[in-house]
Number of protein chains: 2
Amino acid sequence: MLADLRRPERTFTIRQLCNEFKATPRALRFYEDKGLLTPAREGLNRVYSHKDRVRLQLILRGKRVGLSLSEIRELLDLYDENDDGAAQMARSLKKFRERATALEQQREDIDGALIELREACARLERRLAEIRPDLLPRAADYDQVLRARLDGHADAALGK
Amino acid sequence: MLADLRRPERTFTIRQLCNEFKATPRALRFYEDKGLLTPAREGLNRVYSHKDRVRLQLILRGKRVGLSLSEIRELLDLYDENDDGAAQMARSLKKFRERATALEQQREDIDGALIELREACARLERRLAEIRPDLLPRAADYDQVLRARLDGHADAALGK
DNA sequence: GTCAACGTTTACGTAAACGTCAACTTGATC
DNA sequence: GATCAAGTTGACGTTTACGTAAACGTTGAC
């Protein structure tokens, strides 16, 4: 078929990519503004190629692991200008490792905060139990809260 | 002695508190602007009381665990208007628990990102080893990076 | 007397990643 | 031909926690 999804000639509209990757048109235009994407034009309208789609995937993957858009752009630039891609892969590897150590550091910081929080909670619980046990919020009250958060705020943890 | 540090009449200058808690004058004035602190005045100069000092401690503790200034203000307001403080303690406990679950969620998100990162690293390492083993950055190269980060960016992990 | 060191206020700057109008064009449809 | 959906380009708004001058007053040391 002419419209085979896998054929490299296949092109995409902005909304198709937005639907596929759950992004907003504003976001894609923003990435273009920042030089992360350079789709072709058909009159005024943007036409995204297969390569553009790959780039978008890389952008979103980079975001998921907490890279900034400018960092992502640097990596994408290397994909382009470099022939074999080896040097670029080395750079990417370096970036990824740096990001990994940064994330590990964040985890430790969070663990520290959690320790402080649990201590504070314990103090409050003890004192409330003494004075006004009726006001003591039961942990069970948070089942709703937990359930409400089951859908993914997966990005919120990475410095947004 | 009249100047006993523990005497409630003891007052503090802005710089004394800044030194004690490693904050900047700008920060304390900012907190005042936001209604978190209301030190007395001696002419133009701010005079911090014992209670102000306690409030500042609470502010900084709240920040350490990732509360926003507006959240902190809400809690502080309750300290004031409430007589026995029981209701306020219940509210604080609730906030703290919420923050704890949010932090736990962040940890999971970070873990997810780390998994993705390690997979990407592994792929890159394998391919680089094939093609250009000489470009493969050794993990040992990051000893400096690790050392450089040993001083506390403990706040950076909490959404700044 | 004058310089440094501290204090004050007002107010603009910053960084990230878009959201949110507003105003307009284009193509398709009834 | 009027309308409608979807696209476009600016350009300003949002959020957070201060940093950073600018311009000025007060006090103590020398």
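Within every chain, numbering begins at 1; the chains are lettered A, B, ... in the order of the sequence lines, protein sequences first and strands thereafter.
- Remark: P of D:dG19 and CG of B:Leu28 are 10 Å apart, rounded to the nearest angstrom.
- Of the candidates D:dT9, C:dC18, D:dA17, the closest approach to any side-chain atom of A:Leu69 belongs to C:dC18.
- For B:Lys34, no side-chain nitrogen or oxygen approaches OP1 or OP2 of D:dT15 to under 4.0 Å.
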Sub-3.5 Å pairs of nitrogen or oxygen atoms, protein against nucleotides 5-7 of chain D:
| from | atom 1 | to | atom 2 | distance (Å) |
| --- | --- | --- | --- | --- |
| D:dG7 | OP2 | A:Arg15 | NE | 2.6 |
| D:dG7 | OP2 | A:Arg15 | NH2 | 2.8 |

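- Taking atom CD1 of residue A:Ile59 and atom C1' of nucleotide C:dC18, one finds them 14 Å apart after rounding to whole Å.
- Taking a cutoff of 4.0 Å between a charged side-chain nitrogen and a carboxylate oxygen, A:Arg53 and A:Glu20 qualify as a salt bridge.
- B:Leu103 contributes atom CG, which lies 13.0 Å from atom CZ of A:Arg107 (distance to the nearest 0.5 angstrom).
- Between A:Asp77 and A:Arg73 there is a salt bridge, since a side-chain N of the basic residue sits under 4.0 Å from a carboxylate O of the acidic one.
- Straight-line distance from the CD atom of B:Glu71 to the P atom of D:dT15: 14 Å, rounded to whole Å.
- Rounded to an integer number of Å, the gap from CG of A:Asp33 to P of C:dC18 is 12 Å.
- Separating the CZ atom of B:Phe30 from the P atom of C:dA11 is a distance of 16 Å, rounded to the nearest angstrom.
- Residue whose closest nucleotide on DNA chain C sits further toward the 5' end, between A:Thr24 and B:Arg26: B:Arg26.
- Defined by atom type and a distance below 3.5 Å, a donor-acceptor pair is present between the side-chain atoms of B:Gln88 and B:Ser92.
- Look at A:Arg73 and you won't find any side-chain N or O under 4.0 angstrom from OP1 or OP2 of C:dA17.
- OP1 or OP2 of D:dA17 has not a single side-chain nitrogen or oxygen of B:Tyr31 nearer than 4.0 Å.
- Within the nucleic acid shown, B:Ser70 has no heavy atom closer than 4.0 Å to any nucleic acid atom.
- Straight-line distance from the CZ atom of B:Phe12 to the C1' atom of C:dC6: 19 Å, rounded to whole Å.
- Taking atom CG of B:Leu17 as the reference point, atom C1' of C:dG7 lies 15 Å away to the nearest angstrom.
- Between A:Arg91 and A:Glu98, none of the side-chain N atoms (NZ, or NE/NH1/NH2) sits under 4.0 Å from a carboxylate O, so this pair counts as no salt bridge.
- A donor-acceptor pair under 3.5 Å is formed between the side chain of B:Arg55 and the backbone N or O of B:Leu36.
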- Message: What verdict does the salt bridge (charged side-chain N to carboxylate O under 4.0 Å, His left out) test give for A:Glu32 and A:Arg41, after you've listed the backbone C-alpha separation in whole Å, the side-chain angles of each residue and the deciding distance to 0.1 Å?
- Response: CA-CA 12 Å; A:Glu32 186 176 343; A:Arg41 296 305 176 103; 2.8 Å; yes

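- Atom pair B:Ile72:CD1 and D:dA17:C1' shows a separation of 11 Å (rounding to whole Å applied).
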